Each structure stands twice: as C-alpha cells, then as structure tokens.
Amino acid sequence: MRPLTAPSRDDFDAFYVGEFPRLTALAAALAGGAVADDVAQEAMLVAYRRWRHVRELDRPELWVRRICSNLAVSQFRRRMIELRAMTRLATRSEPAFELGDTGRALWEAIALLPPRQRQVAALRFVYDMPVADIAEILGLSEGTVKVHLQRARAAVARSLGIDHIASDGARS
Amino acid sequence: MSLDELARQATLDVVDRVTPATRVRLADLKVTRSRRSRVGAAALIAVLVAGVAAGARFLASDPKPSLLPAGGVRNGVLVVLKGEAPLVQRPTNGLGSLPTDVAPHSPLAFTSEGRELVYRNQNEQYVAFDLRTRAWRVLHSCVAEPECQVAASPDGRRVAVATGNGIQVTDLATGRSLPVVTGRAYNPQWSPMGDQLLYSDDDDDLSRVRIEAGARPIKVVTLADGHFAVDPRWSPDARTVAFFDYQTRDLRQPLGTYTAMIAPTNGATGPLSLVVAAQGCCGGQLPPALVWAPDGSRLLVGDLNDQELITAFTPDGHRTTPPAGISDLVGQVAWQPVNRP
C-alpha cells in the first residue's frame, strides 16, 4: 500500500519539463503561434491544479494533451486565454515564442482544417501518435479517427503540393 | 520531402525554440497558481468563519420562491467583476461583504429573488452564495471538465451544464439529469420563467430550447459567416434577447469587434444593431458588459474603448439614460432583483 504522503510536486516539475515543449507545438498547430505558449501553459495550469488526480492516471500525458486540444479549439475558452496573453504581451519586451519558417506553411495548412480534422492531424503530426491514442484523447472511435486523418493528410498535402502517403502505412 | 518528414522537422523546430525557456515558464506557472490560490484560501477562511458565526447550514429545501411577485421587481445593487480584481458593488455597498474567491472572469448571476449570487470559484466549482446567511452551496463542480459552463435556474433548484458536447439540465434535489441539447453548445442562459434555455449553437448563432424531453431547438438569431453570437441575455419579460455579435476574419488573431444587438425571441424580425461596443480593437478581450435592469426598463452595454463607458437602451432599442451612481461597467456584471412587497 502506498504510504499516505502529500503529492510530490517534484514529479510535476519533471512532467512539465518533459511535456511542455511538444505541447506548445500542438497548441501552435491548433491555435496559431501567437497564443500557442499561453494555450499550452493554460493546459499545464489545469494539470497542476489537479495534479493529485492527474498523477494517478495511467498516462497523464494523454490527459494534458486532451485538455490542450480542447482549449485550443474552444472559442470561449480561447478568448479567455487571449485576454491573458494580450495582457502579458503588453508588458513583455520580446515575444515569448515565435514560429520559425520551417513548418510555418504546415501549421497554416493545418489551421485551415475543420476543428476535428485539425485536432487529429495535429496530434498525429506533433506526436506521431497511434490512432488508438488519438481516439482515446478525443473520445472518438478509431474508425472515425482514421477517416479524419485520411482527409486531413490529403487536404494538407494538397495545400502544400507534396506527397501525403504515410511513411509508415501500417500506423494509419 | 514527404509530409511526415516535414511534420517531424516542423515539430522539432518548435521544440528547439521552446525548450530553453521551459524552466522559466514552469516558474511562471507556479507564480500564477500561487497568486490565484492565495486569494481563494483567504476567502475560504473568511466565509467559513462567517458561516459558523451565523449558524450556517447548507440549504436543503425552502418554500418555492415566486418568480413573478405580485408587486413587481425593482432594481437593486449591481455587482461587477473586472478581470482578477475583487467584486465591487454599484452604486452602494448594500449587499455587505462579498466573496473573494471568485475566479477571474467568472460569470455572475442572481437568483430570481435576489437572495443568492451564483459564480465560479477558484476551485472550479459553481457556487451559490446566500446574501442573508452568508453561506454557500456547491451547484456543480467543473474540476473534471475544463470547458464546462454552468447556469443556475432562476429559482436556484436546477443547473444547466454545457461541456462542449451538449447541454444537460440537472435537478439539484434529485440529481436527475435531462439532456436538452446535443452537439457543440455554449453559454446556456435560463429564461426568466425557467422553462427554456438560450445558447450559442454549433453554427455560432443563437438558439433556444424548451426544458423537456424531445424538445427541438429553435433558431432565434442567424448571423453571417465570420460573425459569432456570444453572451446572450434574456430580457426580464422574455420577449427579447440581447447579445454581442463578435466579428473577426480569423479567430486565431486577437482582433475583432463587438456589436451589441437585440432581437425578439420569437424570431419575428432580425436582430437590431445597438452600438459598436468595441471597434477595431479588443485584442481578443472578453465581451463588454451586458446586463438588463431587473425591472426590464433598460439594457446597459459596457465598452472597451475609453470614450464612452456605459450606453443604456430601452427594450425596443432606443437610447436612454444610464442609472444614477454607476460610472463604469467593465467585466462581468449581475444586477440584483429586489421584489416589491
């Protein structure tokens, strides 16, 4: 039986350091570079508040990616994040994060997708995530994820003028 | 280069840019959390002490309050929440001390008799604070659902909960829930009689639905592409809805305009534009304040520009004078109804 101790914040620190950079990439794909840092931070803040519960999950990283995915496409919640982002930006001398040229066209193409396709595509591209995990995060069937992914890949590839056949066909 | 290879490189580019600042952002997160929870902890202690002193108890059942008292309603105190600042009262502090554990940008509402103030606290719970007993009761917890929005019925006995996947109405006494809307739906607002819900629908328009099994939603307002109906408010006589038309070319960019609108709830005519409450600015800010006077005499619209702080309209959309003693109206607002004897 696990001894009764207060939840350690040390393991949250390790979780944050390991997860935050790629979570920011997910937020960038879903909400754009201007608010990516704040969306990712907001998702981590939710995890931090609930860490006693989240740390007991089998895969807390999937939980926080779900939170980030939902925050990024939720117009209501994102407006709240934008407000805080604008307040912080007003006092910063330099922007916290900017998208580089590498992949800018990719993120912009993903941003044009319908919300669900955008979420599926972003999770796949940022994490190379299996269909089963994407389905678990978004609460969809694997079949539905596959359809969204196929359409998203085709649309993004068409937009960029490149080949969209998966390099690992078995995982699609 | 294949799509997958491009995605890998693009992701690594972001990771490389973000990683050097990760520990700084972790420190930022803890500061933010500490600041928000300090206020909440102090407030909790204060309210607990007040509750014990007053012999506080959780409200179980009270005689059913009348929604339409015979003598009519007059306008009480306005309560305003501006961002992360404490609640303030206008024009007087007639309500006594108010809770200080209100979450930033929390929605505010009074129950129909003006006895309870409903808000979201810093523990992600929607609570009703009784202004007489100084006690509160938890209506719904949003800990597990970060997207959830909760609205209490006018009598305070039910809650409408929107989670991004539909809206359910729950009877707080029995715990029974009724799904009334499926699919994406936001900003639930109870009608004054507690028999319907108004909400922002999947098309970002406004719809209403009766609170009964099998009821079909009815469109109230339809807006063009690039326009979003937000923060709807029933008029006290339920004949009109006020809302903001948020217009933006790109939701990812923090630029847009809010235009206050009114429309009949029966859809007899299209919405009427009242005033551009925030023009060419906003920076992604939340909507300006929007509140009906409890006696139904006027609608107050706040502003995000500095030129004009409050604009008042009659229910049919004509300008009128704001109430005396209220000089600004920014953020979330609730106006207490006071029943005439």
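Lettering follows sequence order; numbering is per chain, from 1. None of the values given here were measured: they were computed from a predicted structure.
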Query - Closest non-hydrogen atom pair between B:Thr11 and A:Phe125, with its separation - result: OG1-O, 3.5 Å
Requested in this report: Applying side-chain contact (heavy atoms from CB on, under 4.5 Å), run through A:Arg153 and B:Asp4 and close with a yes or a no.
Outcome: CA-CA 9 Å; A:Arg153 291 180 63 89; B:Asp4 295 296; 3.0 Å; yes
Query raised in the report: Hey, are A:Arg104 and B:Asp13 close enough for a salt bridge, meaning a charged N less than 4.0 Å from a carboxylate O?
Result: no
Query raised in the report: A:Leu106 versus B:Leu3: any side-chain heavy-atom pair under 4.5 Å?
Result: yes
Query - Electrostatic pair B:Lys30:A:Asp13 at N-O distance under 4.0 angstrom - result: yes
**Report entry** Least distance between heavy atoms, A:Gly103 atom then B:Ala10 atom
**Finding:** CA-CB, 3.5 Å
Query raised in the report: Quick check: does any side chain N or O of A:Gln41 sit under 3.5 Å from a backbone N or O of B:Arg25, one acting as donor and the other as acceptor?
Result: yes
Requested in this report: Output, in order, the C-alpha distance, side-chain angles, deciding distance and verdict of side-chain contact (heavy atoms from CB on, under 4.5 Å) for B:Leu29 and A:Phe12.
Outcome: CA-CA 12 Å; B:Leu29 180 145; A:Phe12 177 81; 4.1 Å; yes
Query - Over 12 non-hydrogen atoms of neighbours within 6.0 angstrom of CZ in A:Arg151 - result: no
Query raised in the report: Atom CG of B:Asp28 and atom CG of A:Leu45: how far apart are they, to the nearest 0.5 Å?
Result: 11.0 Å
Query raised in the report: CZ of A:Phe20 to OG1 of B:Thr19: how many Å apart, nearest 0.5 Å?
Result: 10.0 Å
Report summary line: Taken to the nearest 0.5 Å, the spacing of A:Met44 CE from B:Thr22 OG1 works out to 9.5 Å
Query - Exercise: identify the closest heavy-atom pair between A:Pro21 and B:Val15 - result: CB-CG1, 3.9 Å
